[in-house]
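Take a look at the structure set out below.
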Number of protein chains: 2
Amino acid sequence: MASDSLPEKKRISESTIHRLSLYYRALSVLEKEGFETVSSKGLAKREKLTPAQVRKDLSFFGSFGTRGLGYPVVELREKISQILGIDRSWRVALVGVGNIGSALVSYKEFQKQGFKIVKLFDNDQRKIGSNHKGIVVSDIKNLANELELDNIEMVVVAVPATVAQYVVDDIVKAGIKAILNFAPVNLKVPDDVFLRNENMSMELEYLSFALVNDHIPKRVR
Amino acid sequence: MASDSLPEKKRISESTIHRLSLYYRALSVLEKEGFETVSSKGLAKREKLTPAQVRKDLSFFGSFGTRGLGYPVVELREKISQILGIDRSWRVALVGVGNIGSALVSYKEFQKQGFKIVKLFDNDQRKIGSNHKGIVVSDIKNLANELELDNIEMVVVAVPATVAQYVVDDIVKAGIKAILNFAPVNLKVPDDVFLRNENMSMELEYLSFALVNDHIPKRVR
DNA sequence: TCAAATATGTGAAATGCTTCACAAGAAAAT
DNA sequence: ATTTTCTTGTGAAGCATTTCACATATTTGA
């Protein structure tokens, strides 16, 4: 009988993905430092995790190590970059060239990881047409159109909370499936659109809670 | 016999604290919109959570609701602000007046929640002495000293990854117990210092992973 | 006043995530 | 060549978090 069951798509936890980012970072440093291999123990220590956790995380995606030796640094870094999809570059647009927005345009870390901000949008006439790091700011009126024309794959939203939903509605209309939102508001998007929120106050609030309650944190996220 | 057992300090999970931030935000909006009460269901809907989760989270800290009616908006917002320790203002210093640092100085959300940036530090002679939003940038050389003199309670680190550890060592020397780090590096601090990391690339990487793997996110953090 | 509807607070069940512990494989040492 | 050491990969156990389900309390409507 020919009926194969579909290959089970394992559910990978959010925490695991975030830790992959940490492993990637650590491996990049190890590579620069000239190490050829690293053990789960060594990797764990660099990011304040446990060796078991490292091994378990990696095991979801395959067997990359050699018993008795550890993991090959370069190879593992490359493998993780494939898993995360950062073994390529992404065309990113940024909406809202204010405080945060401007900072993000110049943020080296994004570029380094292949996230290329290639379009800027704002609704402020004084900003439209101005040049930020070689990119001319477009009028937000043409948002949906231009996102499509320019083959944008991800959009970063850095507009005031009050208008973020309208902006996101436009972005969704353009067929964009990945949005990173810096506005402190819960945005509604269809089920097939990936939305992540970056809430910078949250961690300060966590610190505040920790100080007031003399809370002992278990780990550092 | 007089030996009472110490009052058990329940361990509150990181997730619960982060959700308190969301509840706080939602309640602030509800208050502005004129609502006097809100149910766990209503609150959950605003932040894409479940009613049971809302009730469980709040139950760790007390009983704030009325059966058949819900929670009093103003009172609950105040209560949460007490729990999070944001029913007061915090004296915050920021080290590294670069892209991100400058943006954070002007970031309204921090001020709104009582996090007052009152000191700026940099090592760049061109920046030292310059004025950002009414604050004169100090020389990072005097970091430890000035932090103590000015009764700083939290420090935001927005320096390059390569120097972040040195900066943090100084901050720790000054007796600071709460640090928010924007540098993409794992910093070492003593056990009694609370360190949180804000890694802005991480969420983009998550989006990248989601697009490449057509991953269905369970919730939005 | 009473019934119906609403909504909390919370043990218990279910689910999810992390850590343990060890067999198995590979390298290093003798 | 053989033993010792090292380290992975992974079921299973342990722990933590979320969801369920319902007793209980309050409001609303008739």
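Convention: sequence-line order gives letters A, B, ...; per-chain numbering from 1. Excluded from the calculations below are hydrogen atoms, water molecules and symmetry mates; all remaining heavy atoms, backbone and side chain alike, are included.
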Check the phosphate of [N] against [X], side-chain N and O only, distance under 4.0 Å to OP1 or OP2. Yes or no?
| X | N | answer |
| --- | --- | --- |
| T50(B) | dT19(D) | yes |
| R11(A) | dC17(C) | no |
| Q53(B) | dT19(D) | yes |
| Y71(B) | dT26(D) | no |

Tell me: [atom1] of [X] to [atom2] of [N], nearest whole Å?
| X | N | atom1 | atom2 | value |
| --- | --- | --- | --- | --- |
| F60(A) | dT19(C) | CZ | P | 12 Å |
| L49(B) | dT17(D) | CG | C1' | 13 Å |
| D57(B) | dT18(D) | CG | P | 7 Å |
| F35(B) | dA7(C) | CZ | C1' | 17 Å |
| K41(B) | dA21(D) | NZ | C1' | 16 Å |
| F64(B) | dT10(C) | CZ | C1' | 15 Å |
| L58(A) | dG9(D) | CG | C1' | 10 Å |
| L76(A) | dT7(D) | CG | P | 16 Å |

Original post:
Counting only distance, no hydrogens or angles, is the base of dT7(D) paired donor-acceptor with the side chain of R67(A) under 3.5 Å?
Top reply: no
Original post:
So what does K56(A) touch, heavy atoms closer than 4.0 Å: a base, only the sugar-phosphate, or nothing?
Top reply: base
**OP:** Give S40(B) one of three labels, base, sugar-phosphate or nothing, depending on what nucleic acid heavy atoms sit under 4.0 Å from its own.
**Re:**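 Sugar-phosphate, no base atom in range.
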**OP:** Could you please spell out the steps behind the salt bridge (charged side-chain N to carboxylate O under 4.0 Å, His left out) verdict for E31(B) and R25(B)?
**Re:** CA-CA 10 Å; E31(B) 190 175 340; R25(B) 183 173 83 178; over 6 Å; no
**OP:** Could you please spell out the steps behind the side chain to side chain contact (heavy atoms under 4.5 Å, CB included) verdict for W90(A) and L211(B)?
**Re:** CA-CA 11 Å; W90(A) 292 94; L211(B) 285 181; 3.4 Å; yes
Original post:
Is the backbone of K188(A) close enough, under 3.5 Å, to the side chain of Q165(A) for a donor and an acceptor to pair up by distance?
Top reply: yes
**OP:** Determine yes or no for a side-chain-to-main-chain donor-acceptor pair under 3.5 angstrom, with N181(A) supplying the side chain and A183(A) the backbone.
**Re:**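 Yes; at least one donor-acceptor contact below 3.5 Å.
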**OP:** Anything under 30° is parallel, anything over 60° is perpendicular, the rest tilted; go ahead and classify F209(A) against F61(B).
**Re:** perpendicular
Original post:
Which residue, S63(B) or S15(A), contacts DNA chain C at a nucleotide closer to its 5' end, judged by nearest heavy atom?
Top reply: S63(B)
Original post:
Pick the nucleotide of DNA chain D nearest each of G62(A) and G68(A); which residue has the one closer to the 5' end?
Top reply: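 Checking each residue's closest nucleotide, the 5'-ward one belongs to G68(A).
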Original post:
Of the nucleotides dT19(D), dG9(C), dA7(C), which has the atom closest to the R55(B) side chain?
Top reply: dG9(C)
